[in-house]
**Student:** 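Next up is a structure, given as structure tokens.
Just so you know, these numbers use all the heavy atoms, side chains as well, and skip hydrogens, waters and symmetry mates. Since this is a predicted model, take the numbers as computed values, not measurements.
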Protein chains: 2
Amino acid sequence: MRGAASSCKSCSLRTVCAVNPDELSCSRQMDDLILGYRHVKKGVALYRAGDAFSNLYAVRTGSYKKVTLLADGREQVTGFYVSGELLGADGIATDHYASDVVALEDSSVCVMPFDLLELLSREVKAVQHNVFRMLSADLVRESNALILLGTMTADERVAAFLLDLSSRWQARAYSPNAFGLRMTREETGSFLGLKLETVSRTLSRFQKQGLIKVRGKEVEILDFPGLNQVARRTV
Amino acid sequence: MRGAASSCKSCSLRTVCAVNPDELSCSRQMDDLILGYRHVKKGVALYRAGDAFSNLYAVRTGSYKKVTLLADGREQVTGFYVSGELLGADGIATDHYASDVVALEDSSVCVMPFDLLELLSREVKAVQHNVFRMLSADLVRESNALILLGTMTADERVAAFLLDLSSRWQARAYSPNAFGLRMTREETGSFLGLKLETVSRTLSRFQKQGLIKVRGKEVEILDFPGLNQVARRTV
DNA sequence: CGAGTGTTTGATTTCTGTCAATGCTGGTGG
DNA sequence: CCACCAGCATTGACAGAAATCAAACACTCG
């Protein structure tokens, strides 16, 4: 467990926090912003729906699922988050978080007290701009998820899901060809608006078609153009 | 067409712009912010995906649909917007709008140049806080739409849709019992992830069940508890 | 090594989409 | 003012995709 004294200069999220990672004056101020790290064990909630809102979080390590609950107990995974992504923005509107965020593996976050972030946003234009951009990017991400759920078939959803994961790993300098799914088939299905059996069947069929190789949670993409075609994207 | 000189004091959106509508100093500053009004004829786009981002818009009168396009030409309605609601936030992330927004009837918006909004946000804490809240509220709204598309049956979607419209009309001091749908069955279906025939059938069945009365675009809710039950909400 | 969770696969059902025909309504122009 | 037209809505019959129910299998973690 790292202390609050850790510097943002060593944080892989500097590019998230600062518009320009070379902009030292900014990242120095980010040091004031990051209260510290918080480690979250697999299966444990970073926060729960209804908790009083006070912090935004930036994923440092590991991965998380965001789960939204219905009144009748049904729940849906509304997002997966990996390093560099922002958590907690759904709490700003009502001063209470609107969802549960649970670690899919042992993970950690940077803790950013929102009042400090507001303060810093007022002082440093670049920080303000970046906070707005992060919130807006969240909106765009959710819009894309809406399209996925609203207009796509099961095949298209699974293909798009794999390609999305691939590009996110690539953006983090990991292999876009082979990666481990952190989530179960059920969680994947919940996110994609499908049942776990459908996800499993679809992955199996993709394998038969030579598009991918699956073995449990390990996935390898063998045919990107083919998968893109299934997802009906223009490469 | 009103000019830029119009005052926010006479704008129905003051409660959106200012945290506290009585806070005159704030609303005076909002006058500087609102560049002016823009009228949008039925069927005309307020902005299109890819347009350079420069303004946020607050709906003054009328109603709008937000449409997101897929690469292959398919499109989905990702939201309906009425007075007091915020448009354009999806453009912040990339400096280009990510969707089309089209007026469903002759409508108007307040134009808020984003750079001015950023400036004012840095100067006035209350404005900053409110902008964050509006963006966050957008996120929560989209999360709810995700749940609708991800876990609900056709009946539940249509019931939830009617109840959502009802509460939005009520919040604007219109009758929550009877209102006119501004959107076609096809647009409704696109938003709900259903085909227009399914929407039509479901509405007809709800009417047979005595839950609502439909006549074309006119809807009257006869049995709120019943409709809530169909939507599987806790009143 | 065993228990329990997670995954795969199969058989069947159900819901929603698709295709098709008809009807309504509001706007336009003669 | 009325008739016509085009877009929108309703309804029916049928097909198809994904859910459900069910069983067996594979990991992984004590």
**Student:** For a quick check of understanding: with a heavy-atom distance under 4.0 Å over all strands, which category does B/G193 fall into, base, sugar-phosphate or nothing?
**Tutor:**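 Sugar-phosphate: the residue B/G193, judged by heavy atoms under 4.0 Å, touches backbone atoms but no base.
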
**Student:** Measure from CG on A/D106 to C1' on D/dC29 and round the result to the nearest Å.
**Tutor:**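 After rounding, the reported distance stands at 14 Å.
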
**Student:** In this structure, is the centre-to-centre distance between the rings of B/F114 and B/F53 below 6.0 Å?
**Tutor:**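 Yes, the ring of B/F53 comes within the 6.0 Å limit of the ring of B/F114, centre to centre.
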
**Student:** So does A/K41 pair up with A/D106, basic N to acidic O under 4.0 Å?
**Tutor:**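 Looking at A/D106 together with A/K41, the answer is yes, because their closest N to O distance falls below 4.0 Å.
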
**Student:** Could you state the atom-to-atom distance from CG of B/L192 to P of C/dT16 in whole Å?
**Tutor:**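 Rounded to the whole Å, the gap is 12 Å.
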
**Student:** Rounded off to whole Å, could you give me the CG-to-P distance for the A/D155 and D/dG16 pair?
**Tutor:**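 For the pair A/D155 CG and D/dG16 P, the rounded distance is 16 Å.
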
**Student:** How many Å lie between CD on B/E187 and P on D/dC8, as a whole number?
**Tutor:**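 So the CD-P distance, B/E187 to D/dC8, works out to 8 Å.
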
**Student:** In whole angstrom, give the distance that lies between atom CG of A/L149 and atom C1' of C/dT16.
**Tutor:**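 Going from A/L149 (CG) to C/dT16 (C1'), I get 16 Å.
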
**Student:** Which atom names give the shortest non-hydrogen contact between A/T61 and A/S108, and what distance separates them?
**Tutor:**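 Minimum heavy-atom contact is OG1-OG, 2.6 Å.
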
**Student:** Should we count CD of A/E186 as having more than 12 external heavy atoms under 6.0 Å?
**Tutor:**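 It does not: A/E186 CD has 12 such atoms or fewer within range.
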
**Student:** Salt-bridge test for B/K65 and B/E75: reply yes if a basic N is under 4.0 Å from a carboxylate O, no otherwise.
**Tutor:**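 Between B/E75 and B/K65 there is no salt bridge, as every charged N stays at least 4.0 Å from the carboxylate O atoms.
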
**Student:** To the nearest angstrom, how far is A/R205 atom CZ from C/dG10 atom P?
**Tutor:**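 A/R205 atom CZ is separated from C/dG10 atom P by 13 Å.
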
**Student:** Looking at five pairs on each end of the helix from C/dC1-D/dG30 to C/dG30-D/dC1, what is the angle between the two axes, given to 10 degrees?
**Tutor:**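 The two end axes of the helix from C/dC1-D/dG30 to C/dG30-D/dC1 meet at 50°.
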
**Student:** Could you tell me if B/R182 sits above the aromatic ring of B/F80, with its cationic atom closer than 6.0 Å to the ring centre and no more than 45 degrees from the axis?
**Tutor:**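 Because its charged atom misses either the 6.0 Å distance or the 45° angle limit, B/R182 does not stack over B/F80.
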
**Student:** Looking at B/R133 and A/D95, is any side-chain nitrogen of the basic one under 4.0 Å from a carboxylate oxygen of the acidic one?
**Tutor:**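 The answer is yes: the pair qualifies as a salt bridge.
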
**Student:** In whole Å, what is the span from the CG atom of B/L194 to the C1' atom of C/dT18?
**Tutor:**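 Rounding to the nearest Å, CG of B/L194 and C1' of C/dT18 are 14 Å apart.
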
**Student:** What is the separation between atom CE on B/M152 and atom P on C/dT16, rounded to the nearest whole Å?
**Tutor:**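 It is 13 Å, rounded to the nearest whole Å.
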
**Student:** Tell me whether B/K66 is salt-bridged to B/E142, with the criterion being a basic N under 4.0 Å from an acidic carboxylate O.
**Tutor:**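 Between B/E142 and B/K66 there is a salt bridge, with a charged N closer than 4.0 Å to a carboxylate O.
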
**Student:** When the ring planes of B/Y174 and B/W169 are compared, do they come out parallel, tilted or perpendicular, using 30° and 60° as the limits?
**Tutor:**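 Rings of B/Y174 and B/W169: perpendicular, as their planes differ by over 60°.
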
**Student:** Quick one: which protein N/O atoms are closer than 3.5 Å to N/O atoms of nucleotides 5-9 of chain C? Pair and distance per line, please.
**Tutor:**
from  : atom 1 : to     : atom 2 : distance (Å)
C/dT7 : OP1    : A/K217 : NZ     : 3.4
C/dT7 : OP2    : A/R185 : N      : 2.8
C/dT8 : OP1    : A/R185 : NH2    : 3.1
C/dT8 : OP2    : A/R185 : NE     : 2.7
C/dT8 : OP2    : A/R185 : NH2    : 3.4
C/dT8 : OP2    : A/S200 : OG     : 2.8
C/dT8 : O5'    : A/S200 : OG     : 3.2
C/dT9 : OP2    : A/S204 : OG     : 2.5

